[in-house]
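One structure below.
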Amino acid sequence: MTEYYGLALVDARAAEYVIGSDVYGPMGRELVPLATDADAADFLKDHKGKARVTFDAVTGEMLAALDAGTFE
């Protein structure tokens with residue numbers, strides 16, 4: 001997948017994702033992929049994200065909550 005800052009291709013399983021930010025994708029709210037831990041921490045702070053998650057932590061319920069605008 002393409003990571004947010006450098007637009008480089010990264011392994012989706014290795015990326016870290018931020019949910020609940022003020023950055024929207026073409027389909028609305030999204031998990032924003034970042035290549036490194038440091039990038040994810042910066043993005044979370046700079047874009048008012050709610051949480052950082054790994055690929056393995058993403059669930060169907062989490063994705064459904066994105067559409068509803070809830071990020072608990």
Side-chain angles (χ1 to χ4, degrees):
M1 74 171 21
T2 304
E3 63 92 17
Y4 184 80
Y5 283 126
L7 302 177
L9 293 179
V10 297
D11 180 347
R13 292 185 183 277
E16 191 162 332
Y17 301 86
V18 173
I19 61 172
S21 75
D22 59 5
V23 172
Y24 290 80
M27 302 292 288
R29 293 180 181 94
E30 293 187 4
L31 297 170
V32 178
L34 290 304
T36 68
D37 227 23
D39 285 348
D42 288 344
F43 183 90
L44 183 90
K45 183 179 71 172
D46 293 345
H47 293 283
K48 302 176 182 98
K50 302 297 183 202
R52 294 164 39 186
V53 296
T54 62
F55 182 89
D56 291 334
V58 175
T59 64
E61 292 81 18
M62 183 183 293
L63 298 177
L66 285 175
D67 288 339
T70 57
F71 313 104
E72 310 290 325

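If you read the sequence from its start, that first residue is 1, and numbering goes on from there.
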- Report yes if the side chains of I19 and R52 come closer than 4.5 Å at any heavy-atom pair, otherwise no. no

- Query: Closest approach of A15 and V10, non-hydrogen atoms and distance?
  - Reply: CB-CG2, 4.2 Å

- Query: Just wondering, do Y4 and V23 contact through their side chains at under 4.5 Å, heavy atoms?
  - Reply: yes

- Message: Do T2 and L9 have side chains that approach each other closer than 4.5 Å (heavy atoms only, starting at C-beta)?
- Response: yes

- Message: Quick check: do M1 and Y17 have side-chain heavy atoms less than 4.5 Å from each other?
- Response: yes

- Query: Can you tell me how far CG of L66 sits from CD of E61, rounded to the nearest 0.5 angstrom?
  - Reply: 12.0 Å

- Message: Can a donor-acceptor pair be found, under 3.5 Å and without considering hydrogens, that links the side chain of E3 to the backbone of G6?
- Response: yes

- Between atom CZ of F55 and atom CG of L31, what is the distance when rounded to the nearest 0.5 Å? 10.0 Å

- Starting from the C-alpha separation in whole Å, work towards a yes-or-no answer on side-chain contact (heavy atoms from CB on, under 4.5 Å) for H47 and V32. CA-CA 11 Å; H47 293 283; V32 178; over 6 Å; no

- Please check if V53 and V18 belong to a single hydrophobic cluster, counting links between Ile, Leu, Val, Met, Phe, Trp and Tyr side chain heavy atoms closer than 4.5 Å. no

- Task: Evaluate the side-chain proximity of D37 to E16: yes if any heavy-atom separation is below 4.5 Å, no if none is.
- Result: yes

